[in-house]
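Presented below is the structure to which this report refers.
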Amino acid sequence: VQLQASGGGLVQAGDSLRLSCAASASGHTFSSYTIGWFRQAPGKEREFVATISWSGSETNYADSVKGRFTISRDNAKNTAYLRINTLKPEDTAVYYCAAGYYAVTLATTQRRYISWGQGTLVTVSS
């Protein structure tokens, strides 16, 4: 599956943003994949943010984003989303979406994903 993340940009602290991850799937359909979001801040390692099961019924979040981030998906549109509320300067990062087959409880590490999008940059000004 090929993924393309979009929706990033320059925003102010306190704003909200919705990132999209559009998929073009060949062979396996989009709805068969667990989708995850990761982010990489300048000078830091890429870190797990959130993941959602193939059906959308299960989600898992990094503790650092619980309550402000919401992951969702629309399988009819082959698209997953990451909504970020009350943006903070420390949310500044390149956000990546990825597809894999692990359950959401296990899909918190990069190596459990088989396909990655190119990333979208979110810059939060204070």
Side-chain angles (χ1 to χ4, degrees):
V1 61
Q2 293 182 321
L3 303 174
Q4 183 167 358
S6 63
L10 175 62
V11 296
Q12 295 200 339
D15 286 350
S16 296
L17 200 62
R18 189 179 76 164
L19 307 181
S20 297
C21 177
S24 56
S26 59
H28 292 168
T29 60
F30 175 74
S31 60
S32 66
Y33 293 98
T34 294
I35 298 296
W37 284 95
F38 289 74
R39 67 182 179 182
Q40 187 166 18
K44 295 189 176 181
E45 299 281 323
R46 190 175 300 186
E47 64 175 357
F48 167 73
V49 173
T51 186
I52 188 166
S53 63
W54 64 271
S55 66
S57 62
E58 297 174 84
T59 58
N60 191 12
Y61 295 90
D63 288 342
S64 60
V65 305
K66 282 180 181 177
R68 290 195 303 121
F69 287 40
T70 302
I71 189 171
S72 62
R73 67 190 297 163
D74 185 340
N75 287 339
K77 295 183 178 179
N78 286 354
T79 304
Y81 305 97
L82 183 70
R83 180 165 182 85
I84 310 173
N85 292 326
T86 318
L87 278 151
K88 304 176 181 180
E90 51 264 43
D91 294 321
T92 294
V94 177
Y95 285 74
Y96 299 89
C97 60
Y101 290 113
Y102 281 85
V104 296
T105 52
L106 298 175
T108 59
T109 57
Q110 297 179 59
R111 60 186 175 88
R112 288 179 172 162
Y113 290 86
I114 58 172
S115 183
W116 290 80
Q118 86 289 358
T120 185
L121 176 62
V122 175
T123 303
V124 185
S125 64
S126 57

* Output yes when Asp63 and Lys66 qualify as a salt bridge under the 4.0 Å nitrogen-oxygen rule, no when they do not. =>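 Here Asp63 pairs with Lys66 in a salt bridge, since their nearest N and O are under 4.0 Å apart.
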* Of all the heavy-atom pairs spanning Trp37 and Cys21, show the shortest one and how long it is. =>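 Of all heavy-atom pairs spanning Trp37 and Cys21, the closest is CZ2-CB, 3.6 Å.
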Would a 4.5 Å heavy-atom cut-off, applied to side chains only, mark [X] and [Y] as touching?
{"X": "Tyr33", "Y": "Ile114", "answer": "yes"}
{"X": "Asp91", "Y": "Arg39", "answer": "yes"}
{"X": "Gln110", "Y": "Arg46", "answer": "yes"}
{"X": "Ser32", "Y": "Tyr101", "answer": "yes"}
{"X": "Tyr81", "Y": "Ile71", "answer": "no"}
{"X": "Ile35", "Y": "Thr51", "answer": "no"}
{"X": "Ser115", "Y": "Gln2", "answer": "no"}
{"X": "Leu87", "Y": "Gln12", "answer": "no"}

Under 3.5 Å: donor-acceptor pair, side chain of [X], backbone of [Y]:
{"X": "Asn75", "Y": "Trp54", "answer": "yes"}
{"X": "Thr79", "Y": "Lys77", "answer": "yes"}
{"X": "Asn60", "Y": "Val104", "answer": "yes"}
{"X": "Ser55", "Y": "Ser57", "answer": "yes"}
{"X": "Arg68", "Y": "Thr86", "answer": "yes"}

Would you list the atom pairs, donor with acceptor, under 3.5 Å between side chains in residues 117-126 and any protein atom, with sequence neighbours excluded?
| from | atom 1 | to | atom 2 | distance (Å) |
| --- | --- | --- | --- | --- |
| Gln118 | OE1 | Ala5 | N | 3.4 |
| Gln118 | NE2 | Ala5 | O | 2.9 |
| Thr120 | OG1 | Gly8 | N | 3.0 |
| Ser125 | OG | Val11 | O | 3.3 |

Any link between [X] and [Y] through a network of hydrophobic side chains (Ile, Leu, Val, Met, Phe, Trp, Tyr) touching at under 4.5 Å?
{"X": "Phe48", "Y": "Tyr61", "value": "no"}
{"X": "Val1", "Y": "Tyr102", "value": "no"}
{"X": "Trp116", "Y": "Leu19", "value": "no"}

* Distance under 6.0 Å and angle within 45° of the ring axis: does Arg73 meet both against Phe30? ->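 Yes, a cation-pi geometry.
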When rounded to the nearest 0.5 angstrom, what distance separates [atom1] in [X] from [atom2] in [Y]?
{"X": "Leu82", "Y": "Ser20", "atom1": "CG", "atom2": "OG", "result": "9.5 Å"}
{"X": "Asn85", "Y": "Thr70", "atom1": "CG", "atom2": "OG1", "result": "6.0 Å"}
{"X": "Leu3", "Y": "Ser24", "atom1": "CG", "atom2": "OG", "result": "7.5 Å"}
{"X": "Ser72", "Y": "Arg83", "atom1": "OG", "atom2": "CZ", "result": "10.0 Å"}

* Asked: Among Phe69, Tyr96, Tyr113, Tyr95, which one satisfies ring-ring contact (aromatic ring centres under 6.0 Å, His included) with Phe38?
  ->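 It is Tyr113; the other options fail the test.
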* Evaluate whether atom CD of Gln40 has more than 12 neighbouring non-hydrogen atoms of other residues, nucleotides or ligands under 6.0 angstrom away. =>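 Atom CD in Gln40 is packed in, count exceeds 12.
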